[in-house]
There are 2 protein chains.
Amino acid sequence: MSSCDSCIVRNSAICAALDSAEVEALNTLGRRRRLAAGESIIWEGDESVLVANVIEGVLKLSAGTEDGREQIVGVVYPSDFIGRPFGGTTRHSVTALTDANVCVFSRADFDSFAQDHPALEHKLLKRTLTELERTRDWMVLLGRKNAEEKVATFLLDISARLVEPGCEAPSGVPLGNFDLPFSRQQVADILGLTIETVSRQMTKLKRDGVIDLPSRRAVIIRDRTTLEDLAG
Amino acid sequence: MSSCDSCIVRNSAICAALDSAEVEALNTLGRRRRLAAGESIIWEGDESVLVANVIEGVLKLSAGTEDGREQIVGVVYPSDFIGRPFGGTTRHSVTALTDANVCVFSRADFDSFAQDHPALEHKLLKRTLTELERTRDWMVLLGRKNAEEKVATFLLDISARLVEPGCEAPSGVPLGNFDLPFSRQQVADILGLTIETVSRQMTKLKRDGVIDLPSRRAVIIRDRTTLEDLAG
DNA sequence: CGAGGCCTTGAGTGTCCTCAAGTCGCGTGG
DNA sequence: CCACGCGACTTGAGGACACTCAAGGCCTCG
């Protein structure tokens with residue numbers, strides 16, 4: 001029996017394209033791996049040797065300039081796919097933000113399995129198209145929004161994302177209170193700001209009664225409408 | 001006989017995945033369309049009704065904030081694919097920057113044709129993965145680079161891009177001189193800057209002898225090494 | 001309970017934006 | 001052929017927003 005049968009993302013990850021015999025075959029190629037918060041699984045510039053599905057936890061994709069400035073270029077959640085199939089090198093690091101659980105494949109194995117299973121490639125294509133759209137949307141934030149708009153947009157985005165399968169109660173309604181899986185520095189690296197600016201904007205939103213910050217990582221959205229207005 | 005046989009991007013667009021009988025079938029679904037510079041073919045927020053291959057010309061993908069600030073989120077060249085297959089709405093406008101020539105399909109037709117031709121989907125997947133990587137790289141520029149670094153990076157990127165099939169002599173060597181397919185405003189919208197800042201940085205590069213600007217759209221890279229240093 | 005890291009807050013600076021005027025290039029028409 | 005007008009670009013002056021540098025406070029975890 002395949003361990004995939006009990007996998008909590010079995011029906012939402014790209015594996016959902018496969019029937020049980022195919023999942024069984026894929027299962028022999030992959031293995032589970034635990035990652036501690038802060039641990040990296042893929043490094044910017046390295047040869048692309050593995051790909052994976054996220055089962056549990058939150059991970060960041062990041063890249064930096066030569067002199068060490070970092071930009072987080074993506075955040076992945078359970079059922080998301082990571083790594084670069086069909087390509088030589090990976091241009092972005094992948095690092096766990098929380099303790100995480102992933103299902104890892106060698107890239108070569110995955111590539112050839114995928115080529116033989118068009119339904120799997122189709123799922124991956126749809127997922128990649130959606131991710132590309134999301135990434136392009138984020139470019140508007142990075143290029144054209146000011147600090148207040150960036151932070152407001154970020155909080156709304158996160159509250160919607162954390163509802164998705166495997167993260168929290170799957171009610172479909174954006175959460176009004178949640179714990180950020182990010183430090184202030186990481187929020188800054190997502191928004192293209194400094195840590196101080198993020199802190200000041202969060203404090204301002206709290207002072208204005210739009211959000212509440214009961215602890216370092218916790219956020220409560222008190223006035224979603226205002227937050228949406230501020231998001232630009 | 002299919003008009004695709006004489007298509008100049010026949011072997012570089014995703015159509016290269018198809019044999020001649022398949023191309024013939026796809027040909028019956030598509031039609032050529034000319035676009036004048038400035039003309040849009042897809043609008044942000046509209047239902048996704050068509051997709052296309054770029055045959056000739058340069059087009060921009062853009063999105064904006066509610067109050068009218070614009071960000072260019074992608075630039076497409078001959079053999080690139082545009083539109084949103086397998087999805088309800090398009091989140092980004094597509095507008096011709098030069099006179100252009102595209103090969104248009106109804107999204108529904110394309111979707112079902114693609115589902116029946118895994119090799120086509122595979123090509124599209126590879127292309128989409130590459131585009132996602134490129135877009136993420138651009139996020140580092142938007143989020144973490146200063147004006148000088150942005151302009152320097154932009155000039156290097158463009159000079160490499162304009163060498164690609166269908167644009168210029170396909171020598172494989174980045175061009176030292178070329179005509180920008182963008183106005184100053186469009187460059188600003190790509191880099192997340194204002195038109196004045198772009199102008200000042202270009203002037204500065206010229207004053208320092210790194211580039212030359214013989215006319216409004218023309219650029220000559222005089223000192224590529226320095227430009228690469230400035231790109232960060 | 002103490003230490004250390006993370007976060008907040010403050011003061012001052014610099015980069016890029018805004019607003020405004022001026023110049024250049026190009027097409028049109030006299 | 002030149003005058004004209006328009007749009008695109010350049011240049012300048014001033015200001016705002018986010019950054020830098022620095023100190024202090026607060027969790028959190030050992």
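Quick note on labels: first sequence line is chain A, next is B, and so on, each numbered from 1.
- Side-chain N/O atoms of B:T197 include one lying less than 4.0 angstrom from OP1 or OP2 on C:dC17.
- Regarding contacts with the backbone of C:dC17, a side-chain N or O of B:T194 is found under 4.0 angstrom from either OP1 or OP2.
- Map B:R216 and A:S199 each onto its nearest nucleotide of DNA chain C; the residue landing nearer the 5' end is A:S199.
- Contact annotation: B:R200 side-chain N/O to C:dC16 OP1/OP2 distance is not under 4.0 Å.
- The side chain of A:E196 lies closest to D:dA22 when the candidates are C:dC16, D:dA22, C:dA20.
- The aromatic ring centres of A:F81 and A:F110 sit less than 6.0 Å apart.
- Between B:W43 and B:T95 there is no side-chain heavy-atom pair separated by less than 4.5 Å.
- Of the side-chain N and O atoms in A:T203, one or more sit less than 4.0 angstrom from OP1 or OP2 of C:dT9.
- The interatomic distance linking B:I195 (CD1) with D:dA8 (C1') rounds to 7 Å, in whole Å.
- In this structure, the CG atom of A:L213 is 14 Å from the C1' atom of D:dC27, given to the nearest Å.
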**Q.** Worked verdict on B:R184 versus B:T197 for side-chain hydrogen bond (donor to acceptor under 3.5 Å, both in side chains)
**A.** CA-CA 10 Å; B:R184 290 289 184 272; B:T197 299; over 6 Å; no

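- Nearest nucleotide to the B:A147 side chain, out of C:dT8, D:dA18, C:dC16: C:dC16.
- At a cut-off of 3.5 angstrom, counting only N and O atoms as typed in the model, there is no donor on one side facing an acceptor on the other between the side-chain of B:Q201 and the base of C:dC16.
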